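These notes concern the structure reproduced below.
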Amino acid sequence: MAIGFRPTDDDERIIQGFKREGESTSDVLRRGLRSLERLAWEEEARADMARLALEDLSGEPDEWEYDEHGDVRVVGTDIVVPARKDRER
């Protein structure tokens, strides 16, 4: 798929300002698209953080516990994660 793009003088100034050595105009535009995608993700993450800022999980029961060997066991399952080897038992 090909996309046509006729940059304005201002667009061309911005592209040239962000062009790295050996980069094509397409490379700059690809980096710009990735940057926009990352910016949208960060904005969504910030909105989620603001929405959850007052959430208090301290009253919720833990869904894991330590067993007698110091391994972590997920409550209600047979899943056990061994303790780190550098930790004393």
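All values derive from a computational prediction rather than experimental measurement.
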Could you walk me through whether D10 and T8 satisfy the side-chain hydrogen bond (donor to acceptor under 3.5 Å, both in side chains) test, starting with their C-alpha distance in whole Å, then the side-chain angles of each, then the deciding distance to 0.1 Å, before giving a yes or no? CA-CA 5 Å; D10 201 38; T8 64; 5.6 Å; no

Quick check against the 3.5 Å criterion: does D71 have a side-chain atom that pairs as donor or acceptor with the backbone of A83?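 Checked: pair present.
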
Side-chain donor or acceptor of D56 paired with backbone N/O of S58 under 3.5 Å: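 Confirmed, D56 side chain pairs with S58 backbone.
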
Is there a path from [X] to [Y] through hydrophobic residues (I, L, V, M, F, W, Y) whose side chains come within less than 4.5 Å of each other?
{"X": "I14", "Y": "F5", "answer": "yes"}
{"X": "V72", "Y": "V80", "answer": "no"}
{"X": "W41", "Y": "L36", "answer": "no"}

Do I79 and R73 make a side-chain contact, defined as non-hydrogen atoms from C-beta onward lying under 4.5 Å apart?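 No - every pair of side-chain heavy atoms lies 4.5 Å or more apart.
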
How about F18 and L29: do any of their side-chain heavy atoms sit closer than 4.5 Å?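 A side-chain contact under 4.5 Å is absent here.
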
What is the distance from atom CD of E42 to atom CD of E37, rounded to the nearest 0.5 Å?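 Between E42 CD and E37 CD, I get 11.0 Å after rounding to 0.5 Å.
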
Quick one: pull up CG in L52 and CG in L57 and give me the separation to the nearest 0.5 Å.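 The CG atom of L52 sits 9.0 Å away from the CG atom of L57.
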
Does CG belonging to D9 count more than 12 external heavy atoms closer than 6.0 Å?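 Counting neighbours around CG of D9, 12 or fewer heavy atoms of other residues, nucleotides or ligands fall under 6.0 Å, so no.
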
Selection residues 23-33 - residue pairs positive for side-chain hydrogen bond (donor to acceptor under 3.5 Å, both in side chains), sequence neighbours left out: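 Checked against side-chain hydrogen bond (donor to acceptor under 3.5 Å, both in side chains) - neighbours excluded - the pairs reaching residues 23-33 are K19-T25, E23-R31, S24-D27, D27-R30.
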
